[in-house]
S.K.: 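What follows is a structure written as structure tokens; I'll ask about it next.
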Amino acid sequence: MSPTLILSLIAGYFVVLIIIAYFTSRGATSESFFIANRNAPWYMVAFAMIGTSLSGVTFISIPGMVAGQGWSYMAVVLGYTVGYLVIGTVLMPLYYRLRLVSIYTYLEQRFGFWSYKTGAFFFLLSRAVGAAFRVFLVAGVLQLAVFDGLGVPFAVTVTAAIFLIYLYTFRGGLKTILWTDTFQTMAMLVCVAVSIYLMADELNLGFAGLVETVKESSMSQIYFSDPKDDKFFWKQFASGAFITIVMTGLDQDLMQKNLSCRNLADAQKNMFWFTIAIVLVNIFFLSLGVLLYQYAAAKGIALPVNPETGAVIGDSVFPLLATNHFSLFAGVVFILGIIAVTYASADSALTALTTSFCVDMLTISQYEEKKQKNIRQLTHLGFSVVLIVIILIFRAINDQSVITAVFKAAGYTYGPLLGLYSFGIFTSRGLHDRLVLPLCLFTPLLTWFINANSEQWWDYKFGFEILILNGLLTFLGLWMISRPRDLKLNPVA
């Protein structure tokens, strides 16, 4: 694929997004920016959330991981269904009853000022690092495919990418994003469907043959044998449930969309249909992964391997085949798909960061609407700069193992949120509020220390369930600094 073609695709894609933004942001207010005037159709929210909940990392990594991990990730996805059930029946009723704009406001009403700021801080940290990492990976792909050949520095590539997101989100916020993410989710799903169809056609597989090929492949294995294995089904299942509760139900980014529905009943319908959709989408991604490896074997294509381990570099498989071995049409669809899924995640994250900082840190509601507009637009610009800086730091480190470790470390920061909300909902005790932040800074470090030594101590390797340990340690720590609850001071259950 020529750089000119790819640039034309990117330019055309963003023209569409800016046109959508123009029509959806007219007359936007702070309420439009933060919660889309609480008037969003539930079916649009459900569809838009698919693109938001995935990312360029998911788009590339899930298909690539099947050679080494089989369908073990499917256990995580099935665990999601339990997590979404908890969100729909426990968290959503709480958020709607309190009519929250930022979900972390609950912590202030339940525990106090420092608990509130602690929850918001951990979200801002986690989401900023996570969003920057996702854009970094895709910017790297585009840099190699296009901009290095044109002599464009990486810093310019990243700045332009983030600026374009800022351009179509700074006015309308969530009201705009619900429309742009609907478009981007559709683009992503079309990419996956077209890729599966074209490979099935190349392998002379009809629908029944495609299903049978995926079903009979050794790469479609789910692991039930060894509980100590990090791929063990029930460990992955439990992890998926808790990951969903925390990274959706306790995350301003995803819940901001849910809070834009007209009422609780609509939000619960949205969550029900979204649950079905996200399971099906992940089945498509895993099936795509099996077909990618089948296609490469049938065509005799050598896949890149790690020189130290000899294992296939899974994250390179889909990009390599799509841009070098598929048809031009399929390559175009791949580029559009990876841009769509990355920016659907990044634009939503940028808006959620702006919302949380304005509501939780700046208490923006105390100002008149004109000043609110100035504050949120400056904040939006500020977080755009923050994302650029974090991405350039990743680039300067230039060590994939270190960068990946930083990204994984961001996952540890959701443990304190899990502990705080669990303690607030399932106990009736109050907290010594000023001790909450030090405790929540300590427990992720303790979790990391246990994880680093678990194989030596117990011959046990933690996987995604490290989040559960982190949340449990936080919960126990909160119990140690708790006190009998003063109902007058803490009226929220």
Side-chain angles (χ1 to χ4, degrees), residues 13-14 16-21 23-25 32-59 62 77 80-81 83-85 87-88 92 95-96 134 165 168-169 172-196 244 247-249 251-288 333 336-352:
Y13 184 85
F14 277 103
V16 173
L17 293 181
I18 290 170
I19 291 172
I20 293 173
F23 286 105
T24 58
S25 64
S32 305
F33 189 98
F34 297 144
I35 49 174
N37 300 110
R38 298 189 190 272
N39 197 35
W42 67 264
Y43 45 86
M44 174 186 282
V45 176
F47 194 72
M49 279 179 62
I50 297 172
T52 304
S53 63
L54 302 176
S55 69
V57 180
T58 308
F59 192 81
I62 289 180
V77 175
Y80 289 169
T81 60
Y84 292 133
L85 178 64
I87 292 168
M92 278 186 178
Y95 297 155
Y96 268 85
R134 292 176 176 92
I165 295 174
Y168 73 82
T169 58
L174 186 61
K175 184 180 177 183
T176 293
I177 282 173
L178 287 172
W179 285 95
T180 56
D181 281 5
T182 296
F183 168 73
Q184 295 185 117
T185 297
M186 180 61 73
M188 180 270 293
L189 294 177
V190 167
C191 171
V192 176
V194 167
S195 298
I196 290 175
T244 299
M247 300 188 76
T248 299
D251 185 285
Q252 178 67 24
D253 190 355
L254 273 298
M255 292 313 297
Q256 191 166 348
K257 285 186 170 66
N258 285 279
L259 293 173
S260 70
C261 292
R262 295 184 177 97
N263 51 53
L264 174 60
D266 275 5
Q268 289 175 322
K269 281 191 289 187
N270 147 60
M271 186 57 65
F272 172 77
W273 287 106
F274 168 70
T275 301
I276 296 173
I278 204 69
V279 171
L280 292 175
V281 168
N282 278 284
I283 290 174
F284 290 150
F285 271 115
L286 289 166
S287 300
L288 173 62
V333 170
L336 289 176
I338 194 171
I339 292 171
V341 75
T342 298
Y343 286 103
S345 175
D347 60 15
S348 182
L350 181 58
T351 301

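The figures that follow rest on heavy atoms only: side chains count, while hydrogens, waters and symmetry mates do not. Residue numbers count from 1 along this sequence.
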S.K.: Val190 and Val333: which non-hydrogen atoms are nearest, and at how many Å?
M.R.: O-CG1, 4.3 Å
S.K.: Does the side chain of Thr275 pick up a donor-acceptor pair with the side chain of Thr81 at under 3.5 Å?
M.R.: no
S.K.: Do Lys269 and Tyr43 have side-chain heavy atoms sitting under 4.5 Å apart?
M.R.: no
S.K.: Does any N or O in the side chain of Tyr95 come within less than 3.5 Å of the main-chain N or O of Gly249, such that one atom is a donor and the other an acceptor?
M.R.: yes
S.K.: Does the pair Tyr168 and Phe14 meet the rule for a side chain to side chain contact (heavy atoms under 4.5 Å, CB included), with working shown?
M.R.: CA-CA 9 Å; Tyr168 73 82; Phe14 277 103; 3.9 Å; yes
S.K.: Please report the shortest heavy-atom distance between Ser32 and Asn37, naming the atom on each side.
M.R.: OG-OD1, 2.9 Å
S.K.: I would like to know whether Ile50 and Phe274 meet side chain to side chain contact (heavy atoms under 4.5 Å, CB included); could you show each step before the answer?
M.R.: CA-CA 7 Å; Ile50 297 172; Phe274 168 70; 4.0 Å; yes
S.K.: As an exercise, state the distance from CD1 of Ile62 to CD1 of Ile283, rounded to the nearest 0.5 Å.
M.R.: 12.0 Å
S.K.: Working to the nearest 0.5 angstrom, can you tell me the gap between Ile35 CD1 and Gln256 CD?
M.R.: 8.5 Å
S.K.: If you take all heavy atoms of Asp253 and Ala352, which pair is closest and at what distance?
M.R.: CA-CB, 3.4 Å
S.K.: What distance separates Ser348 OG from Gln184 CD, expressed to the nearest 0.5 Å?
M.R.: 10.0 Å
S.K.: Around atom CE of Met44, are there more than 12 heavy atoms from other residues, nucleotides or ligands closer than 6.0 Å?
M.R.: yes
S.K.: Of all the heavy-atom pairs spanning Thr24 and Thr176, show the shortest one and how long it is.
M.R.: OG1-OG1, 2.9 Å
S.K.: What's the spacing between Ile177 CD1 and Leu17 CG if we round to 0.5 Å?
M.R.: 10.5 Å
S.K.: Ignoring hydrogens and geometry, is there a side-chain-to-backbone donor-acceptor pair from Ser25 to Gly172 under 3.5 Å?
M.R.: no
S.K.: Take Asp347 and Thr351 through the side chain to side chain contact (heavy atoms under 4.5 Å, CB included) test and state the conclusion after the steps.
M.R.: CA-CA 6 Å; Asp347 60 15; Thr351 301; 5.6 Å; no
S.K.: Could you go step by step and tell me if Ser53 and Thr248 meet the side chain to side chain contact (heavy atoms under 4.5 Å, CB included) rule?
M.R.: CA-CA 8 Å; Ser53 63; Thr248 299; 5.8 Å; no
S.K.: Give the minimum heavy-atom separation between Ser195 and Leu288, together with the two atoms involved.
M.R.: CB-CD1, 3.9 Å
S.K.: Calculate, to the nearest 0.5 Å, the distance between atoms CG and CD belonging to Asn263 and Gln268 respectively.
M.R.: 9.0 Å
S.K.: Whether the side chain of Ser260 engages the backbone of Lys257 through a donor-acceptor N/O pair (distance < 3.5 Å, no angle test) should be reported.
M.R.: yes
S.K.: Does CH2 belonging to Trp179 count more than 12 external heavy atoms closer than 6.0 Å?
M.R.: no
S.K.: For the backbone of Asp266 and the side chain of Asn270, can you confirm whether one donor and one acceptor N or O come within less than 3.5 Å of each other?
M.R.: no
S.K.: With sequence neighbours left out, write down each residue that passes ring-ring contact (aromatic ring centres under 6.0 Å, His included) with Tyr13, or none if nothing qualifies.
M.R.: Phe183
S.K.: Any side-chain heavy-atom pair from Tyr96 and Leu259 closer than 4.5 angstrom?
M.R.: yes
S.K.: At their closest point, which heavy atom of Leu254 faces which heavy atom of Met49, and how far apart are they?
M.R.: CD1-CE, 3.8 Å
S.K.: Calculate, to the nearest 0.5 Å, the distance between atoms CZ and CG belonging to Phe272 and Leu85 respectively.
M.R.: 11.0 Å
